[in-house]
Trainee: 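Starting off with a structure, shown below.
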Amino acid sequence: LIFNKKEKIMATTTTNTAHLEQQVGQQRSEIARLKGRISTLSEDIDGMKRDISDFRRRVTDDMTALVENIQEERKRR
């Protein structure tokens, strides 16, 4: 009877270990996938920051040109 109990405990431990190793493998894969996604999102955010900065600069340039044109028109009158 004692031998059978030890065998059951060993079998259970082996099964639990195999299951945990499988879970760890799946978690490693998921972590790697998420790191890749974070990297992609980070690059996307950097691109959007550049686009917004570019947009602001162009709007500022356009507004400056518009104001200068209005001022020149007023001087001509």
Side-chain angles (χ1 to χ4, degrees):
L1 289 171
I2 293 174
F3 189 68
N4 285 338
K5 285 183 181 180
K6 283 185 180 179
E7 282 181 357
K8 287 181 182 177
I9 291 172
M10 290 295 288
T12 302
T13 301
T14 302
T15 302
N16 286 341
T17 301
H19 179 70
L20 290 173
E21 287 173 352
Q22 180 185 13
Q23 280 184 324
V24 168
Q26 290 171 344
Q27 289 171 347
R28 278 191 186 121
S29 295
E30 184 67 8
I31 288 169
R33 186 187 71 77
L34 291 171
K35 282 182 177 180
R37 183 68 178 130
I38 289 169
S39 178
T40 300
L41 290 171
S42 179
E43 290 170 3
D44 290 349
I45 289 170
D46 287 341
M48 285 190 284
K49 284 180 180 179
R50 281 189 302 273
D51 290 347
I52 290 169
S53 180
D54 248 10
F55 177 74
R56 285 180 178 167
R57 182 187 48 77
R58 288 193 312 258
V59 168
T60 299
D61 292 346
D62 290 347
M63 292 303 294
T64 301
L66 181 63
V67 168
E68 287 173 358
N69 286 339
I70 291 171
Q71 288 173 345
E72 286 176 17
E73 281 295 317
R74 285 185 178 167
K75 287 179 185 178
R76 290 182 191 160
R77 293 181 183 178

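Excluded from the calculations below are hydrogen atoms, water molecules and symmetry mates; all remaining heavy atoms, backbone and side chain alike, are included. Just so it is clear, the structure is predicted and the values come from calculations on it, not from any experiment. Positions are given from 1, in the same order as the sequence printed here.
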Trainee: In this structure, are over 12 heavy atoms from other groups packed under 6.0 Å from Arg57 atom CZ?
Mentor: yes
Trainee: Quick one: side-chain hydrogen bond (donor to acceptor under 3.5 Å, both in side chains) partners of Glu68, sequence neighbours excluded?
Mentor: none
Trainee: If you link ILVMFWY side chains whenever their heavy atoms are less than 4.5 Å apart, which other residues fall into the same cluster as Ile45? By chain and number, please.
Mentor: Met48
Trainee: Under 3.5 Å, which donor-acceptor pairs do the side chains of residues 29-37 form with other protein atoms, sequence neighbours left out?
Mentor:
from	atom 1	to	atom 2	distance (Å)
Ser29	OG	Gly25	O	3.3
Glu30	OE1	Arg33	NE	3.4
Glu30	OE2	Arg33	NH2	2.8

Trainee: What about Phe55 and Met63, same hydrophobic cluster or not, with Ile/Leu/Val/Met/Phe/Trp/Tyr joined at side-chain heavy-atom distances under 4.5 Å?
Mentor: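 Phe55 clusters together with Met63.
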Trainee: Could you tell me the separation between the CD atom of Glu43 and the OG1 atom of Thr40, rounded to the nearest 0.5 Å?
Mentor: 6.0 Å
Trainee: Can you find a heavy atom in the side chain of Asp62 that is under 4.5 Å from one in the side chain of Leu66?
Mentor: no
Trainee: Just so I know, are the side chains of Arg74 and Gln71 near enough to count as touching, which here means a heavy-atom distance under 4.5 Å?
Mentor: no
Trainee: Pick out which of Gln22, Glu21, Arg28 makes a side-chain contact (heavy atoms from CB on, under 4.5 Å) with Val24.
Mentor: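 The side-chain contact (heavy atoms from CB on, under 4.5 Å) with Val24 is passed solely by Arg28 among Gln22, Glu21, Arg28.
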Trainee: Quick one: pull up OG1 in Thr64 and CG in Asn69 and give me the separation to the nearest 0.5 Å.
Mentor: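 Spacing of OG1 (Thr64) from CG (Asn69) equals 11.0 Å.
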Trainee: Is there a donor-acceptor pair closer than 3.5 Å between any side-chain N or O of Thr60 and the backbone N or O of Arg56?
Mentor: yes
Trainee: Check Lys75 with Glu72, please: is the shortest side-chain N to carboxylate O separation under 4.0 Å?
Mentor: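 No, Glu72 and Lys75 are not salt-bridged.
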